[in-house]
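Presented below is the structure to which this report refers.
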Amino acid sequence: MKKLLEVLQLPSPLQKVDFPDWGNYGVEVYFKRDDLIHPAVSGNKWRKLYGHLKEYFQGDYQGILTYGGAFSNHIVAVATACNYLEIPVYGVIRGETDKENPTLKYAQEQGMILLPLSRSAYRNKDIAELAEKYQEIDFSALLQIPEGGAGKAGIEGCAEIIREISLPYDFIVSAAGTGTTVAGLAEYAEDSVKVLGISVLKGADTLTDAVQELTDKKNFEIITGYHFGGYARYTKELLEFAREFTAQTTVPLDFVYTAKMVFGFDDLLRKGYFKRRSKIVLLHTGGLMNAGIDTV
């Protein structure tokens, strides 16, 4: 992976932030700027890819197959990484592959071969069905990376996040979708550190169980109630909060993940969730590639 590692900004910087009156609550807040790792292979997309790419090079594979929606930052990251590493790559895309879609156009420019599936077929992610539809591809020779880089291999890169934080801290806070990043943080953080996952999904009652399937650790909590209507949904309140936060701190946010995470943290802080003198790290999980779609 040397060729790819050479273009990544690692370790990512840790930036102290002080949004208006956070200091009044007696806490210190830092942002782990994983969004600065790379313009396309950024945030937890890189961290979750790390273990999967290790598995690829340790095995006898002839390419990579992964899954994503039409505006998936995961698709962007996998396509870019495989381009650097000269790995044949296939992206199973949910729904139609609109030629004007900037995400899919970029992925194709990076060398990814797109395999569109209907939404109903996509839900099953049935390789047998894919093999029948695309008989020219030897699917048995491809490493499958789950949507979003989820799974056991996806938590390995979180060890590096923890290793890169040199100052003592009490909490690390992350947006939570599949729960893979939260599981990785919980797995590798010290037992004295509490990991908070702010869910970006509506109806995420099973997310705690999903995290627990990936780690035996108990040092985490999933916080719900800040999804703003569900995945990729938002309100005027959320957008205004995110724009104000960026203006005050210079940290860009996306409304799918990080804006909801910071909004949730801000609300919890004001409600007295964090004790005075707590040191808190907010993890920026990236998600800024799709300008005009995800960024605020």
Side-chain angles (χ1 to χ4, degrees), residues 19 29 31-32 34-35 42-45 47-48 67-69 71-74 94 123 146-152 154-155 157-158 161 170-189 193-239 241-242 245 251 253-274 280-288 290 293-296:
F19 195 52
V29 185
F31 233 117
K32 184 76 168 89
D34 269 14
D35 57 308
S42 76
N44 66 344
K45 297 298 178 279
R47 303 296 188 178
K48 289 191 285 185
Y67 304 83
F71 297 101
S72 167
N73 285 296
H74 170 71
R94 181 178 61 247
R123 278 194 291 272
E147 185 172 6
K152 278 284 187 182
I155 74 173
C158 290
I161 297 175
D170 304 293
F171 295 86
I172 184 164
V173 187
S174 172
T178 65
T180 302
T181 299
V182 173
L185 295 173
E187 178 72 16
Y188 296 108
V193 172
K194 186 166 185 178
V195 179
L196 293 184
I198 308 292
S199 175
V200 303
L201 307 175
K202 187 176 182 179
D205 299 337
T206 61
L207 197 52
T208 296
D209 292 338
V211 173
Q212 207 67 82
E213 287 180 5
L214 296 173
T215 178
D216 294 328
K217 301 284 282 293
K218 305 293 184 182
N219 56 337
F220 72 91
E221 181 180 356
I222 298 296
I223 305 290
T224 59
Y226 300 106
H227 55 73
F228 289 86
Y231 181 75
R233 294 180 179 255
Y234 58 91
T235 64
K236 182 179 179 181
E237 180 187 21
L238 179 65
L239 296 185
F241 172 86
F245 183 84
V251 180
L253 304 177
D254 75 290
F255 67 71
V256 180
Y257 292 101
T258 50
K260 293 179 181 181
M261 181 268 289
V262 178
F263 186 100
F265 165 74
D266 179 78
D267 192 50
L268 291 170
L269 178 64
R270 296 176 193 283
K271 289 178 177 177
Y273 183 96
F274 302 94
I280 303 152
V281 175
L282 307 179
L283 177 63
H284 200 307
T285 50
L288 302 173
N290 293 322
I293 299 164
D294 288 351
T295 43
V296 295

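Quick note: numbers below take in every heavy atom, side chains included, and nothing from hydrogens, waters or symmetry partners. Heads up: numbering here begins at 1 and tracks the sequence.
Taken to the nearest 0.5 Å, the CG atom of Leu253 stands 5.5 Å off from the CZ atom of Phe31. Going from atom CG of Asp216 over to atom CD of Glu187 covers 7.0 Å, rounded to the nearest 0.5 Å. In this structure, NZ in Lys32 is found 10.0 Å from CG in Asp35, a value given to the nearest 0.5 Å. Going from atom CG of Leu283 over to atom SG of Cys158 covers 7.5 Å, rounded to the nearest 0.5 Å. Atom OG of Ser42 and atom CZ of Arg47 lie 10.5 Å apart (nearest 0.5 Å). One finds the CG atom of Asp34 at 9.5 Å from the OG atom of Ser174 (value rounded to the nearest 0.5 Å).
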(request) Check step by step if side chain to side chain contact (heavy atoms under 4.5 Å, CB included) holds for Arg233 and Lys202. (result) CA-CA 10 Å; Arg233 294 180 179 255; Lys202 187 176 182 179; over 6 Å; no
(message) Working note: Val251 + Thr258, criterion side chain to side chain contact (heavy atoms under 4.5 Å, CB included); need CA distance, chi angles, decisive distance, verdict.
(response) CA-CA 10 Å; Val251 180; Thr258 50; over 6 Å; no
(message) Phe245 vs Asp266, test: side chain to side chain contact (heavy atoms under 4.5 Å, CB included). Steps then yes/no.
(response) CA-CA 11 Å; Phe245 183 84; Asp266 179 78; over 6 Å; no
(request) Could you go through the side chain to side chain contact (heavy atoms under 4.5 Å, CB included) check for Phe220 and Gln212 one step at a time? (result) CA-CA 9 Å; Phe220 72 91; Gln212 207 67 82; 3.4 Å; yes
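In this structure, Lys194 fails the cation-pi test against Tyr273, since its NZ or CZ atom is not both closer than 6.0 Å to the six-membered ring centre and inside 45 degrees of the ring normal.
Within a 6.0 Å radius of CZ in Arg270, more than 12 heavy atoms belonging to other residues, nucleotides or ligands are found.
Gly151 and Leu214 get closest at one heavy-atom pair: C-CD2, 3.8 Å. Across every non-hydrogen atom of Ile222 and Leu207, the tightest pair is CG2-CD2, 4.0 Å. Taking all atoms of both residues into account, the shortest heavy-atom contact from Ile198 to Lys260 is CG2-O, 3.8 Å.
In this structure, the ring of Phe241 has its center less than 6.0 angstrom from the ring center of Phe19.
Between Glu221 and Leu196, some side-chain heavy-atom pair lies under the 4.5 Å cut-off. Between Thr285 and Met261 the shortest side-chain heavy-atom distance does not fall below 4.5 Å. At least one side-chain heavy atom of Leu238 sits under 4.5 Å from a side-chain heavy atom of Thr235. Using a 4.5 Å heavy-atom threshold, the side chains of Ile155 and Thr215 count as separate.
The backbone N or O of Ala189 lies less than 3.5 Å from a partner atom in the side chain of Lys217, making a donor-acceptor pair.
Of the listed residues (Phe263, Tyr257, Tyr234), just one forms a ring-ring contact (aromatic ring centres under 6.0 Å, His included) with Phe228, and that residue is Phe263.
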